[in-house]
Number of protein chains: 2
Amino acid sequence: MEKDISTEEKIKNAARKVFHEKGYGQARTRDIAEEAGINLALLNYYFRSKEKLFDIIMKESLQEMFGLIVNLVNAEDINLSDKIDMIVARYIDSISKNPNLPLFVLSEIQANPHKIIENVGLKGKSIANNFLFKQIQEQIDKKGIKGVTPLQIFINIVSMSIFPIVGKPLLMNLHAPFGEKEYEIFIEERKALIPQWIKMMLQIDE
Amino acid sequence: MEKDISTEEKIKNAARKVFHEKGYGQARTRDIAEEAGINLALLNYYFRSKEKLFDIIMKESLQEMFGLIVNLVNAEDINLSDKIDMIVARYIDSISKNPNLPLFVLSEIQANPHKIIENVGLKGKSIANNFLFKQIQEQIDKKGIKGVTPLQIFINIVSMSIFPIVGKPLLMNLHAPFGEKEYEIFIEERKALIPQWIKMMLQIDE
DNA sequence: GTCTATAGACTGATAGAC
DNA sequence: GTCTATCAGTCTATAGAC
């Protein structure tokens with residue numbers, strides 16, 4: 001199935017998988033080479049070093065994690081209620097397909113905050129002053145909700161969507177009996193529940 | 001300030017710090033020894049190997065993360081509303097003091113699920129059927145709330161409390177201008193807001 | 001471009017003196 | 001118990017053949 005893609009792409013796919021699973025520290029270039037079905041030397045031929053390969057994967061991973069909802073957040077032709085539905089659905093679907101992504105990004109930043117943020121280009125970008133925040137603020141003002149900011153609501157959306165997926169192994173071991181099937185149902189239920197809860201917080205009536 | 005504690009304790013404190021920051025893979029035994037102010041050989045004298053030392057720290061970390069609220073969750077003499085307040089406050093305070101803890105635990109489980117769960121004793125324990133879940137279920141039944149389970153609510157409490165602390169570095173870089181001071185206020189606000197939101201979900205009137 | 005073989009650096013762990 | 005010195009293994013990276 002990966003017959004017609006370039007060697008470079010094969011290595012990147014393998015690197016993404018291994019880095020996401022093990023993290024930079026525990027990932028071995030040999031693992032990546034083996035996973036890609038090529039020789040170790042070839043990895044350095046294409047990417048010069050483990051670190052350079054990592055930087056590329058990290059940059060793409062950040063893109064993957066935030067690019068997901070950037071369009072949605074900034075869209076001016078979608079009303080707040082629909083937008084909440086769509087952000088939750090998109091986050092849960094996307095992270096479910098790539099469950100290691102958030103923990104990879106977050107823990108690498110924790111292990112090496114300066115490097116990731118400076119070298120991989122995250123500096124200066126801001127999520128404040130986007131259209132979604134404006135829509136939330138309008139709703140807060142309209143209903144006279146006290147003490148709530150758009151950022152708080154946004155963090156709630158992200159928290160409630162991502163955390164149960166990030167914590168899947170923990171959840172499946174702590175809440176027995178909880179098999180794959182039960183977990184899937186649990187997440188599917190959340191896809192409907194989270195928007196309801198967010199709208200409750202913002203007093204959006206449907 | 002650490003004059004009267006044993007060498008063993010000094011090493012454990014150093015190990016906890018280094019492991020929590022860097023994770024197992026990127027932590028070096030030499031870093032731990034230096035942080036503890038002792039020689040590398042002494043680390044192996046007390047703990048035989050990096051892995052054994054890690055297992056001890058991981059066991060304690062899990063204890064730290066869950067032991068926190070076990071008493072609270074099982075307490076039969078605290079009503080649901082107060083319990084929600086206390087769980088949120090305790091989680092936020094404790095994780096704020098030890099912000100690397102959750103990501104350390106979660107990402108090590110991700111990197112090595114079998115090992116952590118089997119070797120470090122997490123198997124068989126269940127959070128279902130505790131008194132908090134019973135209290136939440138009663139409230140759900142009483143109000144006739146549809147489609148919501150105690151587990152969903154519990155995950156919401158944990159998600160909304162932990163995630164903003166875990167994601168602090170990201171948050172502080174993505175939502176400029178956001179300094180230490182602003183972040184502290186943001187978290188302090190959440191301490192009051194999260195219980196309100198949870199009670200909203202459960203239709204608890206105060 | 002892709003391989004084998006190996007250099008060179010780092011890391012965990014131990015031997016042995018005190 | 002604590003140290004210095006060092007080994008043995010592993011890892012990244014490269015040289016060089018094809």
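No experiment lies behind these values; they were computed from the predicted model shown. Note on naming: letters A, B, ... go to the chains in the order of the sequence lines (proteins, then strands), and numbering restarts at 1 for each one.
For the segment residues 48-59 of chain A, the set of residues with a heavy atom within less than 4.0 Å of an atom of DNA chain D comprises Arg48(A), Ser49(A), Lys50(A), in numerical order.
For Asn39(B), the side-chain contact (heavy atoms from CB on, under 4.5 Å) partners at least two apart in sequence or on another chain are Ala41(B). The salt bridge (charged side-chain N to carboxylate O under 4.0 Å, His left out) test applied to Asp31(A) returns no partner, not counting sequence neighbours.
If you take OH of Tyr24(B) and P of dT11(C), they are 13 Å apart, rounded to a whole angstrom. Whole-Å rounding puts the Leu43(A) CG to dG1(C) C1' distance at 14 Å. Spacing between atom CG of Asn44(B) and atom P of dT4(D) amounts to 15 Å, rounded to whole angstrom units. Protein atom CD of Glu9(A) is 17 Å distant from nucleotide atom C1' of dG1(C), rounded to whole Å. Between Phe47(A) atom CZ and dG1(C) atom P the separation is 12 Å, expressed in whole Å. As rounded to whole Å, 8 Å separates atom P of dT2(D) from atom CD1 of Ile11(B). Atoms CG (Asp31(A)) and C1' (dT10(D)) sit 12 Å apart, rounded to a whole Å.
Side chains of Gln63(B) and Lys59(B) form no contact here, defined as non-hydrogen atoms less than 4.5 Å apart. No side-chain heavy atom of Met58(B) sits less than 4.5 Å from a side-chain heavy atom of Phe19(B). Put simply, the side chain of Ile84(A) does not reach to within 4.5 Å of the side chain of Ile153(A), judged on heavy atoms.
When only modelled atom types and interatomic distance are considered, Asn156(B) and Arg190(A) share a side-chain donor-acceptor pair under 3.5 Å.
The phosphate of dT2(C) (OP1 or OP2) has a side-chain N or O of Thr7(A) nearer than 4.0 angstrom.
Evaluation of the salt bridge (Lys or Arg N to Asp or Glu O under 4.0 Å) test over residues 86-108 of chain A, restricted to residues two or more places apart or in two chains, returns Asp93(A)-Lys191(A).
The aromatic rings of His20(B) and Phe104(B) are tilted relative to each other, their planes meeting at an angle between 30° and 60°.
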Contact list (N/O, under 3.5 angstrom) for nucleotides 3-8 of chain C vs protein:
unit_1	atom_1	unit_2	atom_2	d
dC3(C)	OP2	Asn39(A)	N	3.0
dT4(C)	OP2	Asn39(A)	ND2	2.9

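An angle of 10°, rounded to 10°, separates the two end axes of the helix from dG1(C)-dC18(D) to dC18(C)-dG1(D), each defined over five pairs.
Where Tyr45(A) and Arg28(A) meet DNA chain D, the nucleotide closest to each residue was compared, and Arg28(A) sits on the side nearer the 5' end.
Between Arg28(B) and Glu35(B) there is no salt bridge, since no side-chain nitrogen of the basic residue lies less than 4.0 Å from a carboxylate oxygen of the acidic one.
Residue Ala27(B) is classed as a sugar-phosphate contact, given heavy-atom separations below 4.0 Å to backbone atoms only.
For the pair Lys115(A) and Tyr24(A), the cation sits on the ring face: its NZ or CZ lies under 6.0 Å from the ring centre, inside 45° of the axis.
Annotation: Asn79(A), atom CG; neighbour count of heavy atoms from other residues, nucleotides and ligands within 6.0 Å is above 12.
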